[in-house]
Amino acid sequence: MYIGFREKLTLVALGGIALLSYGLFNWFGLGARPADYGYKIEASRRTQSAELAIGAVKDNSTVASAVAGDDIQAAMIGLSTSAITTDPGSLRSKVTSTNPNFAGAIVSMLRQAGVGTSDVVAISYTGSFPALDIATIAAAETLGAEPIVVSSVGASTWGANDPDLTILDMESLLVQKGIIAHRSVEASIGGDFKARPMTSEGRKLATDAMKRNNVPLVFAKNVPESVDQHMATYRRLANGRPIKAFVNVGGGLASKGFGAGFDPGLNAPSLGGDVVSGGLIERMQNEGVPAINLVDIKKLAAQYMLPVNPPTTPAVGAGGLYRDWTQLRIVAGLLVAALAATFFFARFTVLAPASEEAVDTYFGTAPRTFRAWIRSFGVRLPSRMTPQEQPVED
């Protein structure tokens, strides 16, 4: 095949078009930000500031430093066991939860639930995932909502299970430093009511934490009574305003109840559906309140394109949740279509076989068919004959 200047120039042009398309994809596709980008970044930065503040007062010479990849992870990971430890927990899940960008994911869920300025968000959490507890408050406050928190002091392994630095102590520290404005309005001791109740030592340490942080103790004999107490507190402090969303963090028995599982992430209202658990999530759903369930952390991280068990804490703004995937797909689709049309046109015009009578070896068809079709639109195409094939005038 004769390759002349025109063919070489065409190949260079096609390469330039491909590079330009790559740049456009990065600019308009990968660079596309979702509408709530600012909220996500602010909530994640506040969470990171909270984690750094906790790390500054925590003794990182503990075993947490040996199993964590950096200071933030060590700050938010507790002990392998303690007197206020309630259940075994997954270390991989605890490390995953320390990513401050989870606050951005919670912002997405809250906005999807319809939460906005001045709305009430009811929150129930244990000390099992302190980073997510703080991220939930930061996300709600960033949206201008009012979080009402009822917590329990107990925590699973690697959570906020240091008796000297419980989740209530962390809240007080962060309020004092002005990083968050809300903290628990009431707290229970934690642990199961009958199956695995906390030891007398653990109960004393938990009540001591409540006293030094001026958080009232709430006591219930069973799940229904605990649910009723939570609901009464939320309604009293909501002061007639509707509860816009409910957030559960961890595996607190009052939230999950018995006999039913709820998906991690946002659960839409069921309005009297088939789910029967007796817990807060079911109660809220049956009252038309969307419930955000922050459990199964590794699955939740994958859902929001966050790394599982990262070796070090990701930077704020890192992760797929900060991209506008709808725009990215549209841009990618348009560029692929444009590139395909461009290469198709070049292949069957400038780079077609030299003779219009030849059969295209790649497509098994005569190029003159395509050239004739293009000429039918009034497009003048260059001759594909070599200099030796040009007709000689007599």
Can you give me the closest heavy-atom contact between Pro310 and Val95, atom names plus distance? O-CG1, 3.8 Å

Partners of Lys40 by salt bridge (Lys or Arg N to Asp or Glu O under 4.0 Å), sequence neighbours excluded? Asp36

Taken to the nearest 0.5 Å, the spacing of Asn293 CG from Leu266 CG works out to 10.0 Å

Residue pairs, two or more places apart or on separate chains, that pass salt bridge (Lys or Arg N to Asp or Glu O under 4.0 Å) and touch residues 235-254: Glu146-Arg241, Glu186-Arg236, Arg235-Glu287

Side chains of Thr313 and Asp70: donor-acceptor distance under 3.5 Å anywhere? yes

Going by atom types alone, do Glu51 and Thr98 pair a side-chain donor with an acceptor below 3.5 Å? no

Do the side-chain N and O atoms of Asp169 and Thr166 include a donor-acceptor pair separated by under 3.5 angstrom? yes

Atom CD of Glu42 and atom CG of Leu143: how far apart are they, to the nearest 0.5 Å? 9.0 Å

On a heavy-atom basis, the closest approach of Ala181 and Glu141 is N-OE2, 2.9 Å

Tyr322 side chain to Ser44 side chain, donor-acceptor N/O pair below 3.5 angstrom: yes

Set of salt bridge (Lys or Arg N to Asp or Glu O under 4.0 Å) partners for Asp208, sequence neighbours left out: Lys204

I'd like to know if the side chain of Thr136 reaches the main chain of Leu132, judged simply by a donor and an acceptor atom lying under 3.5 Å from each other, with no hydrogens or angles considered. yes

Verify side chain to side chain donor-acceptor pair (under 3.5 Å) between Thr85 and Ser82, making sure each step is shown before the conclusion. CA-CA 5 Å; Thr85 301; Ser82 72; 2.9 Å; yes

Which heavy-atom pair separates Phe219 from Gln229 by the least distance, and what is that distance? O-NE2, 2.7 Å

If you measure only the distance, is there a donor-acceptor pair under 3.5 Å linking the side chains of Asn248 and Ser255? yes

Just how far is it from atom CG of Asp162 to atom CD1 of Ile77, taken to the nearest 0.5 Å? 13.5 Å

Would you kindly say whether Ser172 and Asn213 are connected by a side-chain donor-acceptor distance under 3.5 Å? yes

